[in-house]
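Reckoned from all heavy atoms, side chains included, excluding hydrogens, waters and symmetry mates. Everything quoted here is computed from the prediction, not taken from an experiment.
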Amino acid sequence: GAQVIAVAKNPAIKNYILFNSGMGNMSMGGASPADLQNLHAPIIYIVGGTTDVAYSNALIDYSRITNVEATLANLINGGHSGTFWETYGGSDSRMMVKWLDWHFKNATQNCKVFLEYDLSEFPGWEVFSKNYNYDCNFQISLTAPVNNAVFTAPASITISANTTISNGTISKVEFFNGSTKIGE
């Protein structure tokens with residue numbers, strides 16, 4: 001955890017995950033509590049309840065974070081090692097995969113775990129989040145081209161989408177081919 005906070009300034013970082021750790025009021029591993037201000041992407045602390053020696057420090061960190069989206073996922077009786085001894089890492093790993101798929105694979109339905117606290121797949125957990133401006137009910141669907149359409153090069157292809165949102169407004173939709181923006 002301290003190493004994550006120590007490199008928080010690195011602009012290549014797109015997300016932070018800390019398992020059973022937190023800075024609290026300590027300095028270690030080249031990091032101090034002041035380094036929390038260097039965060040520039042969403043962060044999640046995954047901890048194991050009051051028997052987790054890092055629990056208090058994670059709570060202190062969470063309370064101090066004001067500049068990015070922050071989540072604290074707590075397996076109430078998980079302890080310091082959480083569920084990593086279980087097959088495939090147990091519910092700690094499943095929580096992490098939900099988080100990563102939401103942030104990196106556009107699995108928008110996963111946000112309900114973190115922002116609407118739908119823990120039906122996570123008995124024994126509690127989740128707290130702050131600083132989010134995100135609508136879990138946002139939906140986007142491509143309307144053109146139709147699924148499995150085939151084109152012969154060179155071709156001019158119209159791309160369009162329909163969107164819905166229950167809280168807020170949509171200012172634009174951008175289309176990418178890999179990392180190259182091809183339209184808006």
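The shortest side-chain heavy-atom distance between Leu115 and Tyr134 falls under the 4.5 Å cut-off. Leu119 is listed as a side-chain neighbour of Val127, based on a closest heavy-atom distance under 4.5 Å. The shortest side-chain heavy-atom distance between Asn67 and Leu39 falls under the 4.5 Å cut-off. Thr71 places a side-chain heavy atom less than 4.5 Å from the side chain of Tyr132. At a threshold of 4.5 Å between non-hydrogen side-chain atoms, the residues Val113 and Met95 count as touching. No side-chain heavy atom of Gln3 sits less than 4.5 Å from a side-chain heavy atom of Val7. A heavy-atom distance below 4.5 Å is not found between the side chains of Asn131 and Val68. Using a 4.5 Å heavy-atom cutoff, the side chains of Phe104 and Asn15 are in contact.
Within 6.0 Å of NZ in Lys130 there are more than 12 heavy atoms belonging to other residues, nucleotides or ligands. More than 12 heavy atoms of other residues, nucleotides or ligands shown are found within 6.0 angstrom of NZ on Lys181.
Results of the side-chain contact (heavy atoms from CB on, under 4.5 Å) test with Ile44 over Phe114, Tyr16, Phe19, Tyr62 single out Phe114 as the only residue that passes.
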Donor-acceptor pairs are to be reported for all side-chain atoms of residues 29-36 against protein atoms at under 3.5 Å, with residues two or more places apart or in another chain.
residue, atom, partner, partner atom, Å
Ser32, OG, Ala34, N, 3.4
Asp35, OD1, Asn38, ND2, 3.3
Asp35, OD2, Ser32, N, 2.8

Throw together a table of side-chain donor-acceptor distances under 3.5 angstrom for residues 53-61, partners on residues two or more places apart or in other chains.
residue, atom, partner, partner atom, Å
Asp61, OD1, Met23, N, 3.4
Asp61, OD1, Gly24, N, 2.8
Asp61, OD2, Met23, N, 2.8
Asp61, OD2, Tyr45, OH, 2.8

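One distance of note links CD of Glu174 with CD of Glu184; it measures 5.0 Å at 0.5 Å rounding. Here the NZ-CD distance, from Lys9 to Gln37, works out to 11.5 Å after rounding to the nearest 0.5 Å. Separation of atoms CG (Asn177) and CD1 (Ile182) is listed at 5.5 Å; rounding is to 0.5 Å. The structure places NZ of Lys112 at 7.0 Å from SG of Cys136, a figure rounded to the nearest 0.5 Å.
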query = Could you go step by step and tell me if Leu100 and Asn110 meet the side-chain contact (heavy atoms from CB on, under 4.5 Å) rule?
reply = CA-CA 9 Å; Leu100 291 172; Asn110 289 358; over 6 Å; no
query = Can you check side-chain hydrogen bond (donor to acceptor under 3.5 Å, both in side chains) on His80 and Asp52, steps first, answer last?
reply = CA-CA 4 Å; His80 189 59; Asp52 181 347; 2.5 Å; yes
task = Start with the C-alpha distance between Tyr88 and Thr83, add both sets of side-chain angles, then the distance that settles side-chain contact (heavy atoms from CB on, under 4.5 Å), and finish with yes or no.
result = CA-CA 9 Å; Tyr88 305 115; Thr83 62; over 6 Å; no
key: Check against side-chain contact (heavy atoms from CB on, under 4.5 Å), Ile46 and Asn20   = CA-CA 6 Å; Ile46 299 177; Asn20 307 91; 5.6 Å; no
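Between Trp99 and His103, the two ring planes are tilted [angle within 30° to 60°].
Not a single donor-acceptor pair under 3.5 Å links the side chain of Thr143 to the backbone N or O of Asn162. For Asp118 (side chain) and Ser120 (main-chain N/O), a donor-acceptor pair under 3.5 Å exists by modelled atom type.
Hydrophobic clustering keeps Ile76 apart from Leu72 (ILVMFWY residues linked when any side-chain heavy atoms are closer than 4.5 Å, directly or through intermediates). In this structure, Ile43 is a member of the same hydrophobic cluster as Ile13, with clusters built from ILVMFWY side-chain heavy atoms closer than 4.5 Å. Hydrophobic clustering places Leu142 together with Ile157 (ILVMFWY residues linked when any side-chain heavy atoms are closer than 4.5 Å, directly or through intermediates). Placement of Leu75 and Trp85 in two distinct hydrophobic clusters is found when ILVMFWY residues are connected by side-chain heavy-atom separations under 4.5 Å, directly or transitively.
Between the side chains of Asn74 and Glu126, a donor-acceptor pair is found at a separation under 3.5 Å. When only modelled atom types and interatomic distance are considered, Trp102 and Thr108 share no side-chain donor-acceptor pair under 3.5 Å. Tyr117 and Ser129 share no side-chain donor-acceptor pair at under 3.5 Å.
By the salt bridge (Lys or Arg N to Asp or Glu O under 4.0 Å) test, Glu121 is found to be paired with Lys98, residues two or more places apart in sequence or in another chain being considered.
Here the shortest heavy-atom pairing between Gly48 and Thr51 reads O-OG1, 3.9 Å. Minimum heavy-atom separation, Gly89 to Ser93: CA-OG, 3.2 Å. Annotation for Ser91 and Phe122: closest pair O-CE2, 3.8 Å, computed over non-hydrogen atoms. Of all the heavy atoms in Asp92 and Gly82, the pair that sits closest is OD2-CA, 3.4 Å.
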